[in-house]
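Step one of this worksheet: look at the structure below.
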Amino acid sequence: MAKKPANLIYGVDEAPPLGATLLLGFQHIFVLTISFVLILVLVREGGGSAEDAERLIKVSMISMGVATILQGLRLGPVGSGYLCPQLIGPAYLSASLLAVKSGGLSMVAGMTMVGGFFGALLSRAMRWLRPIFPAEVTGTVVAMVALELVPLSVSKFLGFEGPNPSIQSSSVVVASVTLASMVALSVWGQAKLRLYCVLIGTGIGYASSYFAGILTAEHLRRVVQAPFFSMPTLTHQGWSFDGALLVPFVVAAVASSLKAVGDLTTCQKINDAEWKRPDMRSIGGGILADACGVILSGGLGTMGQSTSSSNVGLSIGTGAASRRIAFACGGIMIFLAFFPKLAEFYVIMPTPVMGALLFFSVSFMILAGIQIMLSRLIDARKTFVIGISLILGLSLDMLPGAYREVYPALQPIFSSSLSLATVSAIVLNLLLRMGIAKRAVFEFEPGVSSSEEVFNFMERQGAVWGARREVIYNATAALNELLESLSMPQFAQGKVQIAVGFDEFNLDIDISYSGEPMEFPGARPSRAELLADDQGMAKLAGFLVQQYADRVRSDIANGRCRIQLHFDH
């Protein structure tokens, strides 16, 4: 059972009141609707009409809502069981632009379904791929997802629009007021105000935008004139396929899946104060839910989707991570597809309000990525995996034309900073893991070797393997207790052989020596036993070793005493 962190108001399995659940669901939708701008970009590049854009937004609402609900499920193979809403996926944008230019919206629909099926296949292999996605890779992906949103966040915040963008003072004022209200409520507000800090801040942003002239009477007239109810148009141009576009969409599916790994890892971490490692079973179900959403999107004729890092950041900021909010958010999103008057309220969201929402959410995601990266001991190998990947990813945003001449077959990798950083982190991790032995041997000589040598040995190996800090700490403490007792004359005669093995899931320590076996009592020796028995301190050490290790085994083989310590990783 996960231990609920102190900063959470509603944990993943808790049930907020119905009214609060609905309001929190509405709050998440404000962040999700920002992704509709990607549909407008796609339709514009494909020469589509305003009616095409409207239809795609409506069917996207349906597919996003269904996928968000699936993501919150915990029964069966589909779903992670976490609040991790789905939005129009930036990872699919570059591939979709290639498709719309070569074959129109029908090509986007067909190839999106292909990408979704590939993601579904990948989801079934996730539990066996955990060694390929250690903390330095998933943390880099989470951080890069947030960093990729920085240009969009800043441009919205500053009011950059049109062919010759410049800073709009009115936009900066509105965005600053909106962001300040969200931050103030999140930091100093009471529990209920913190829950709705984004909803309240957005309301303040709309009002400020109206008084600043950014939200005009024409915008409000669009809400008034929109029909109260209308059926989304599910018919579209059909599906078409092109083998030449397979690579871009496979790359998009991999990038989207790894983004989901990062987002769901963050969901697990924020819901468990004692989080140790990613639950790959849950992540596999989450990636399958994501893939089902992509397949549905393609089936309905729109572009692919992925998990929303911004919404995960929103969960951290508000302290509400109940998966019931996912069901409310998904249901409301589907509902809005049939009620244009309500949906239009989100569509007219002022640009500076979008910027403030992104600033608020991205702040939490950047820190979450850093925390995941630093949850393991870091050595030179991991430094290069993280550093080089972030540099390459950021270079794509800072120097847009730098990779224009890249070989055509590699262009999909360079289509976005997230794709480039993700592929870089995976490749570097695989390359730099070469030469790392899974087993290390250390010799301890009682009366000569020191506990500092043991500490340095375990720290060095832990960093090479990328082991979790607390596991190395427990192993070092257990080993020191054990070796201090073996230094007593009645136990080890001669050197003690220590072999440490690691395989990402387990840390095992084998100790062998010539001499008398140690005892490992299940109960702590009493004060009387410690004073009366000359081996009382050794028994206490044996008891403490059992508290540090997950399993302890002791036997005699080939005339030597053998102690095995096992630590789950």
Side-chain angles (χ1 to χ4, degrees), residues 1-2 12-13 63-64 66-87 89 91-92 113-142 145 249-272 275-297 304-309 311-312 315 321 323 326-327 330 368-369 372 375 418 422-423 425-426 429-430 503-506 568-569:
M1 182 72 179
V12 63
D13 291 316
S63 63
M64 288 161 57
V66 171
T68 298
I69 292 171
L70 290 177
Q71 194 65 257
L73 296 177
R74 186 168 282 173
L75 297 175
V78 181
S80 64
Y82 288 95
L83 169 60
C84 191
Q86 304 278 136
L87 47 58
Y92 280 94
M113 292 182 71
V114 172
F117 282 117
F118 183 82
L121 292 174
L122 187 62
S123 73
R124 299 300 83 198
M126 286 310 298
R127 72 180 71 176
W128 295 285
L129 296 177
R130 179 181 154 189
I132 300 176
F133 305 129
E136 60 267 24
V137 173
T138 53
T140 299
V141 172
V142 172
V145 164
F249 276 88
V250 166
V251 170
V254 171
S256 180
S257 297
L258 287 178
K259 180 173 180 287
V261 171
D263 289 340
L264 295 172
T265 297
T266 306
C267 287
Q268 293 174 9
K269 188 174 184 299
I270 64 176
N271 279 284
D272 187 358
W275 180 83
K276 296 179 178 179
R277 66 188 69 85
D279 177 357
M280 300 310 290
R281 190 185 195 92
S282 168
I283 288 174
I287 292 176
L288 183 56
D290 179 55
C292 289
V294 174
I295 294 170
L296 179 59
S297 293
Q305 58 180 270
S306 59
T307 55
S308 172
S309 304
N311 286 78
V312 175
S315 297
R323 61 198 184 97
F327 304 142
I372 292 172
S375 66
L418 175 60
T422 298
V423 172
I426 294 172
N429 175 57
L430 292 174
D503 68 355
E504 182 63 30
F505 297 93
N506 309 286
D568 292 329
H569 191 267

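Model, not experiment: these values are computed from the prediction.
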Which residues share a side chain to side chain contact (heavy atoms under 4.5 Å, CB included) with Leu430, sequence neighbours left out: Ile132, Ile426
Begin with the C-alpha distance, continue with both residues' side-chain angles, and end with the deciding distance and a verdict on side-chain hydrogen bond (donor to acceptor under 3.5 Å, both in side chains) for Gln305 and Ser63. CA-CA 9 Å; Gln305 58 180 270; Ser63 63; 3.2 Å; yes
Mind checking side chain to side chain donor-acceptor pair (under 3.5 Å) for Thr422 and listing every partner two or more places apart, or none if nothing turns up? none
Separation between CG of Asn429 and OG1 of Thr138, rounded to the nearest 0.5 Å: 10.0 Å
By the salt bridge (charged side-chain N to carboxylate O under 4.0 Å, His left out) test, which pairs, at least two apart or in different chains, include something from residues 78-87? none
One should read off an interatomic distance between Ser256 OG and Leu418 CG, to the nearest 0.5 angstrom, of 9.0 Å
Work out which heavy atom in Leu264 is nearest to a heavy atom in Gly286; give both atom names and the distance. CD1-CA, 3.7 Å
Partners of Arg74 by salt bridge (Lys or Arg N to Asp or Glu O under 4.0 Å), sequence neighbours excluded? Asp13
Who are the salt bridge (Lys or Arg N to Asp or Glu O under 4.0 Å) partners of Asp263, not counting sequence neighbours? Lys259
Ala291: partners by side chain to side chain contact (heavy atoms under 4.5 Å, CB included), with sequence neighbours left out: Ala120
Shortest non-hydrogen contact from Thr307 to Ala260? OG1-CA, 3.4 Å
Within this structure, what is the CD1-CH2 distance for the pair Ile270 and Trp275, rounded to the nearest 0.5 Å? 12.0 Å
Rounded to the nearest 0.5 Å, what's the gap from CD1 on Ile287 to OG on Ser123? Could you check? 6.5 Å
Here the gap from Leu83 atom CG to Ser315 atom OG, rounded to the nearest 0.5 Å, amounts to 4.0 Å
Got a second to check how far Ile69's CD1 is from Met64's CE, nearest 0.5 Å? 12.0 Å
Determine whether Ile372 and Thr265 make a side-chain contact, defined as any pair of heavy atoms from C-beta on separated by less than 4.5 Å. yes
Could you pull out the closest heavy-atom pair between Asp290 and Ser306, with the gap in Å? OD1-CA, 3.1 Å
Quick one: list whatever passes side chain to side chain contact (heavy atoms under 4.5 Å, CB included) with Ser282, sequence neighbours left out. Ser80, Tyr82, Gln268, Asp279
Which pair of heavy atoms, one from Asn271 and one from Cys267, lies closest together, and at what distance? ND2-O, 2.8 Å
Taking all atoms of both residues into account, what is the closest heavy-atom pair of Ala326 and Thr68, and its distance? O-CG2, 3.4 Å
Taking the side chain as every heavy atom from C-beta outward, state whether Phe117 and Val294 have any atom pair closer than 4.5 Å. no
Nearest heavy-atom pair of Gly115 and Ala253: which atoms, and what distance? O-CB, 3.4 Å
Excluding sequence neighbours, so at least two apart, what forms side chain to side chain contact (heavy atoms under 4.5 Å, CB included) with Ser308? Leu32, Leu87, Ser310, Asn311
